[in-house]
Amino acid sequence: MAKRVVVGLSGGVDSSVAAYLLKQQGYEVIAVFMVNWHDKTGVLDADCPWDEDVIFAEMVARKIGIPFHVEDLSVPYKKRVIDYMFAEYEKGRTPNPDVLCNREIKFDEFIRATKKYAPDYVATGHYCKKEEFESKGRKIYRLMAGDDPAKEQSYFLCQLTQKQLAKTLFPIGHLQKSEVRKIAREQKLASAEKRDSQGICFVGKVHLPEFLQQKLESKEGNIFEIPLDSPLYRKENKKQGEVSAGQFESTIQRNASIQQENSGSAKLIEGVGSAKEFEGKRGAVGGEGERAEENARDAGSAEESEGEKVVESTEGEGSVDDIGDTGLPKEGKNERGLENSKGKGALERSECGKEPGSENLPEYPDLSELKSLSEPLRYKISDGTYVGKHRGAHFFTIGQRKGLQVGGKKEPLFVIATDVVKNRIFVGQGKSHPGLYRRGLHILTDEIHWVRHDLAMQPGEKREYMVRIRYRQDLERARLYLTEKGMYIIFEKPQRGVAAGQFAAWYDDGELIGSGVINQ
RNA sequence: UGACCCGUGGUGUAAUUGGCAACACAUCUGAUUUUGGUUCAGAAGAGUCCAGGUUCGAGCCCUGGCGGGUCAA
């Protein structure tokens, strides 16, 4: 008897083709359209709301010859995705509603809502793949990146569990987008030429400030520019020693052996050459003057600069409160040449031999070192100069360029830090401003999620993975350290725009192993 | 009060020996993108503080204002 599959049919090409392929493969396919959002406030494409999508979906279902149903999940969607989003923004973090949407809605509420059809599987049109193997009598499911690098969507599914994966099919993960369109065209599916969706899934393309302002009040605050050559960046984490190639190699072998044990597929990690990559880099570390400098800075903060007083008085805020948040440990930064090379992987990059100056890690950094590498700088007003006003620090995210409305600079300004409590934004000039980059990040223990829970790390363990901290961003080599205080991810090279609230997802040779919300 | 400097699109700057104003940032639009993060392309925007003058022609020269700054004291 044919297995039964419920496919989430959105009205777009991807899910249409997914449904078609399943049908071709002999499944009994049931199409279900999710309605998750009714409100149109702040939505840009007012002429293209979901009711058009249902029509497309229904046409496709009819064409393929499968039953079509509609499920309204807007209540849980609002509660579990939208509310979360507002809450995160309010806290000054940068949520990823789409990751949540998958975890909470498409692979949870949806599965629940379609139980009545008694499906064997649930399928979606995501560009990713599922593989499985058996270990000690138990099935283990692997979430693999989709084959089309431009459309690869595994990141959005980084919070799925084995249980969810067990019931899931991804029929189009092995295809290129162009092939999907081609199939749709050949089958004359209504959605064949429909443009790709954008914006927050289900909500659509929104005008974010307007959208957020439904819930978040806008209040005026000040923007401060931190100079490129601020003494804050001069402090290098000098404790970092060199990492020898040999050390790195051992890490790789370790990973590889884990892989072997658990999957039997004996996949070696791509980056065997990474050992080489780590050579020839010297830890460009600062001199001894670190302490003195720090002290000097703290002392200096007492006599807050003139500019600030002017500014602060308009805020009606005492400047004294700033003296409290003194300089915290500073993360290392690189010298220059920070632009993300667009090479596919670290491997190729190492070929060109010119690595940006990033320091290496000692083999076993202690907790305080991990912490200091992973902690964002806390800026004070006296660290920079007033450059303008904003309408609410929680509307901005680290790395953001647009919307600051401050001009007159030689190079664009980027947000390097926000302070929602004091409602301040700190910006830096230029794409490679050191404040934009950070070497590490931290994930709370409770937020660590292992898609491959059989590969979960133990406290005290260290491993190397390729990590992504934002959708569509290149994978970067990093070491993961699991401690009692959560996980620390230390990148080989400083990362741009590490934003709390986004998900860090770690991969091993195209497989998504685990993920977690960036705590800071 | 004396001497000097400056006053150009929203902002910061530029404009060979005088020939109808350039660049950057901001802004807007579009492309890319299931997170307004990035990136990319394009567009709009001042006739150069005001009033006179010299020139065929002045942002650039002269005179006088107004405005801002610096050094003197």
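Excluded from the calculations below are hydrogen atoms, water molecules and symmetry mates; all remaining heavy atoms, backbone and side chain alike, are included. Throughout, a chain's letter reflects where its sequence line sits, starting with A, and its residues are numbered from 1.
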Could you say whether L413(A) or Y155(A) is positioned toward the 5' end of RNA chain B, judged by the nucleotide with the nearest heavy atom to each?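 Looking at the nearest nucleotide for each, L413(A) comes out on the 5' side.
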Could you check which nucleotide pairs with [N] in any of the strands shown, counting Watson-Crick or G-U wobble with both distances under 3.5 Å?
N	answer
C40(B)	G30(B)
C61(B)	G53(B)
A46(B)	none
C4(B)	G69(B)
U17(B)	none

If the [atom1] atom of [N] is compared with that of [M], how far apart are they to the nearest Å?
N	M	atom1	result
C6(B)	A14(B)	P	11 Å
G10(B)	C49(B)	P	13 Å
G47(B)	U8(B)	P	13 Å
G18(B)	C60(B)	C1'	6 Å
G36(B)	C28(B)	P	16 Å
G59(B)	U16(B)	C1'	15 Å
C5(B)	A44(B)	P	39 Å
C25(B)	C62(B)	P	35 Å

Testing the 3.5 Å rule here: is there a donor-acceptor pair between the side chains of H442(A) and N519(A)? yes
Just by distance, no angles: are the side chains of T168(A) and Y141(A) close enough, under 3.5 Å, to form a donor-acceptor pair? no
Are F503(A) and Y155(A), when compared by the centres of their aromatic rings, separated by less than 6.0 Å? no
Expressed as a whole number of angstroms, how long is the span from F156(A):CZ to G37(B):P?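 Whole-Å distance recorded here is 12 Å.
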Please classify the nucleic acid contact of G12(A) as base, sugar-phosphate, or nothing, using heavy-atom distances under 4.0 Å. nothing
Scan E411(A) against the nucleic acid and name what it touches under 4.0 Å (heavy atoms): base, sugar-phosphate only, or nothing.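 If one applies the 4.0 Å heavy-atom cut-off, E411(A) turns out to touch the sugar-phosphate alone, with no base involved.
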Under 4.0 Å from OP1 or OP2 of G37(B): is there any side-chain N or O of Y471(A) that close?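 No, because none of the side-chain N or O atoms of Y471(A) sits under 4.0 Å from OP1 or OP2 of G37(B).
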Using a cut-off of strictly less than 4.0 Å, decide whether K151(A) has a side-chain nitrogen or oxygen near OP1 or OP2 of U34(B).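 For U34(B), OP1 or OP2 has a side-chain N or O of K151(A) closer than 4.0 Å.
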Judged by whether its glycosidic angle lies within 90° of 0, G9(B) is anti
Quick one: do K78(A) and D83(A) make a salt bridge, cutoff under 4.0 Å?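 Salt bridge flag = yes for D83(A) with K78(A).
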Minimum side-chain heavy-atom gap [X]-[Y] below 4.5 Å:
X	Y	result
R438(A)	P376(A)	yes
Y20(A)	V60(A)	no
R424(A)	F224(A)	yes
L377(A)	Y233(A)	yes

Letter by letter from the 5' end, nucleotides 7-14 of chain B scores (B base, S sugar-phosphate only, - none; protein heavy atoms under 4.0 Å) ---BBS--
How long is the straight-line distance from SG of C158(A) back to CG of L143(A), given to the nearest 0.5 Å?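 Reported value, rounded in 0.5 Å steps: 9.0 Å.
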Distance in Å, E104(A) CD paired with F110(A) CZ, rounded so as to fall on 0.5 Å steps: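 One finds 15.5 Å between CD of E104(A) and CZ of F110(A).
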D14(A) and its side chain to side chain donor-acceptor pair (under 3.5 Å) partner, picked from K194(A), K177(A), H126(A), Q153(A): K177(A)
Determine whether a donor-acceptor pair (one donor, one acceptor, N or O, separation below 3.5 Å) exists between the side chain of Q405(A) and the base of U27(B). no
Measure all distances between protein nitrogen or oxygen atoms and nitrogen or oxygen atoms of nucleotides 38-44 of chain B, and list the pairs falling under 3.5 Å.
| unit_1 | atom_1 | unit_2 | atom_2 | d |
| --- | --- | --- | --- | --- |
| U38(B) | OP1 | R401(A) | N | 2.4 |
| U38(B) | OP1 | K402(A) | N | 2.8 |
| U39(B) | OP1 | R401(A) | NH1 | 3.2 |
| U39(B) | OP2 | R401(A) | NH1 | 3.3 |

